[in-house]
Protein chains: 4
Amino acid sequence: MFIQLDLESAEPIYIQLQHQIIEGIAKKKLLPGDSLPSVRSLASDIGVNLHTVNKAYKQLKQDGYILIHRQKGVVVNPEGVPKADNSYRELLAKNLRPYIAEAVCRGFTEEEFIQTCKQIYSNFNERGE
Amino acid sequence: MFIQLDLESAEPIYIQLQHQIIEGIAKKKLLPGDSLPSVRSLASDIGVNLHTVNKAYKQLKQDGYILIHRQKGVVVNPEGVPKADNSYRELLAKNLRPYIAEAVCRGFTEEEFIQTCKQIYSNFNERGE
Amino acid sequence: MFIQLDLESAEPIYIQLQHQIIEGIAKKKLLPGDSLPSVRSLASDIGVNLHTVNKAYKQLKQDGYILIHRQKGVVVNPEGVPKADNSYRELLAKNLRPYIAEAVCRGFTEEEFIQTCKQIYSNFNERGE
Amino acid sequence: MFIQLDLESAEPIYIQLQHQIIEGIAKKKLLPGDSLPSVRSLASDIGVNLHTVNKAYKQLKQDGYILIHRQKGVVVNPEGVPKADNSYRELLAKNLRPYIAEAVCRGFTEEEFIQTCKQIYSNFNERGE
DNA sequence: GTGGTCTAGACCACG
DNA sequence: GTGGTCTAGACCACC
């Protein structure tokens, strides 16, 4: 796997795990229907607790990124990730708000901010790493 | 004060407080040199413990938003907030990354995302709420 | 632990704690990667409140002396303490200035002062106390 | 007067005042027998509270730097500042210790440290500002 | 009256 | 069991 964790970060490991897997999907390294390692094997691969991987998987399942079958294991949702809906849009706006408020305070212009976003977007639209 | 907290939120109160005050500065409701309520009065106003307010203030002080005088109380940094530097830019990019990864997965296009940002930006550039 | 506090001192306990731990690192009693007691166990060991220890640890973390892992506890920074930079030098000079001014007034010569410093330095370069 | 205060410093104003006056004596800007402004006039000159100046003066008096006559006002001790004694030496060593411990941790060598001290000493041995 | 420090005790997130 | 957060209430230094 391509998972890279920072065990010293203040960000909980299970959140980092979620982010890494979502990035993998965004970058098309993980395609709909692809299977993911089992909780057990992933946990041992990256050296974290079973519960931690489990928590990340559960959250990803609830958000529609993956399916967890008791026998077949874990797969990326074959039907793709649920599309953006209104509640997503609201949540996103709410989450971005503090970052933009800070940017305004620090004199970081709208153009610069958007440039930053575009650059990150471009990371995801290229193929491969 | 204009502070509005969601005590049910998973987001710690002191973080919400920071965000609210940063928004106040971004919206020019709070100008450089303006004084903020004392720890105790703000705490009693919004119905939280004095230490919670104190924690928010200390963090804001460290980030350069406010100054804390031992006796005179708390004021918005008269010299303005420190400008965006490289470490800020890096941190911002790192923070935005997961949101953009999720947006990509959900088919939320770059244009839509930027539109969302612009709308939030416009909130801060108008006067008043 | 080797921590020795003076509860009667005007110096806040959390500052004394910081100093003691920094001395421990300076004397190589604590090596990079060594783990420190948990907040709670140290607090109970030395008979102070958990928050007092926490405050000392947070400050030491911010100054780069230690790392705080959410679960694994507290360790001395495995990469060593950040080296002296210009801002450190300036701060040191600013802090020493009043002591030297007083020494000048009291007829304590430069040679005597330096001798005092050297003697303290020698405390840290030997092994053990 | 040559007093320069930083009202935003965490260091109490009365301590800053003491330091400035001690520096003045160390630099021979204030000579034994010279008179200092009254509490009232100094307070109004530098824009601080009467109590603050009073506290600084009282402490300076107790340390032997100045004399306070009810009528004649405040003068620099005509007999000079009490010479360094053992208790002074011990206190100095105790105060310097944390700075040296930090220096050791940061790889600031004894030579560099002494160089820093010498430079500060040289500030005081020149005449005038 | 202000912020700074300390105590005591509670609940939660994390692994 | 670990640190993170929050509350409640106390005393002190400062001005």
Side-chain angles (χ1 to χ4, degrees), chain A residues 5 7-17 43 46-56, chain B residues 5 7 9-17 35-44 46-59 61 66-75, chain C residues 5 7 9-17 35-44 46-59 61 66-75, chain D residues 5 7-17 43 46-56:
Chain A
L5 301 177
L7 298 180
E8 292 169 11
S9 163
E11 194 162 41
I13 295 175
Y14 83 97
I15 299 278
Q16 293 184 47
L17 248 176
I46 59 183
V48 303
N49 194 293
L50 282 180
H51 297 353
T52 307
V53 176
N54 205 25
K55 189 162 187 176
Chain B
L5 299 179
L7 300 179
S9 164
E11 197 164 37
I13 295 175
Y14 79 95
I15 298 280
Q16 293 183 49
L17 250 174
S35 64
L36 272 68
S38 77
V39 172
R40 281 172 176 77
S41 72
L42 180 52
S44 92
I46 60 184
V48 303
N49 188 279
L50 132 185
H51 292 114
T52 306
V53 175
N54 203 16
K55 193 166 186 177
Y57 274 1
K58 271 190 180 164
Q59 186 64 47
K61 175 191 173 189
I66 63 175
L67 300 181
I68 302 179
H69 295 79
R70 223 180 259 273
Q71 310 314 327
K72 290 191 289 177
V74 180
V75 299
Chain C
L5 300 178
L7 301 180
S9 165
E11 196 163 40
I13 296 176
Y14 79 95
I15 299 279
Q16 293 183 49
L17 249 175
S35 64
L36 272 66
S38 77
V39 172
R40 280 171 176 76
S41 72
L42 180 52
S44 93
I46 60 185
V48 302
N49 188 279
L50 133 185
H51 292 115
T52 307
V53 175
N54 204 15
K55 191 166 187 177
Y57 273 1
K58 272 190 180 164
Q59 186 64 45
K61 174 192 174 187
I66 63 175
L67 300 181
I68 303 180
H69 295 78
R70 221 179 261 274
Q71 310 313 328
K72 289 190 290 175
V74 180
V75 299
Chain D
L5 300 178
L7 299 180
E8 293 170 10
S9 163
E11 195 162 39
I13 294 175
Y14 82 98
I15 298 278
Q16 293 183 49
L17 247 176
I46 58 183
V48 303
N49 194 292
L50 282 179
H51 297 353
T52 308
V53 176
N54 204 24
K55 188 162 186 177

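Everything quoted here is computed from the prediction, not taken from an experiment. Chain identifiers are assigned alphabetically (A, B, ...) following the order of the sequence lines, protein sequences preceding nucleic acid strands; residue numbering begins at 1 within each chain.
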Close side-chain approach of D:L17 and D:I46, heavy atoms under 4.5 Å: yes
B:I15 side, atom CD1; B:K55 side, atom NZ - distance, nearest 0.5 Å: 8.0 Å
Contact check, side chains of A:Y14 and A:N54, non-hydrogen atoms, under 4.5 Å: no
Spacing between D:L17 atom CG and F:dA13 atom C1', to the nearest angstrom: 16 Å
Spacing between D:E8 atom CD and F:dC15 atom P, to the nearest angstrom: 14 Å
Phosphate contact (E:dT2 OP1 or OP2) by B:S38 side-chain N/O below 4.0 Å: yes
Rounded distance in Å - CD (C:Q59) to P (E:dG4): 13 Å
B:S38 and B:S41: side chain donor to acceptor below 3.5 Å: yes
Note, D:V48 side chain near D:L5 side chain (heavy atom, < 4.5 Å): yes
Partner nucleotide of F:dA13 by Watson-Crick or wobble geometry (both distances under 3.5 Å): E:dT2
Nucleic acid footprint by protein, nucleotides 5-12 of chain E - heavy-atom cut-off 4.0 Å, B for base, S for sugar-phosphate alone: BBBBB-B-
Whole angstrom value for the distance that separates P of F:dA13 from CD of D:Q16: 18 Å
Side-chain (D:Q16) to main-chain (D:E11) donor-acceptor, under 3.5 angstrom: yes
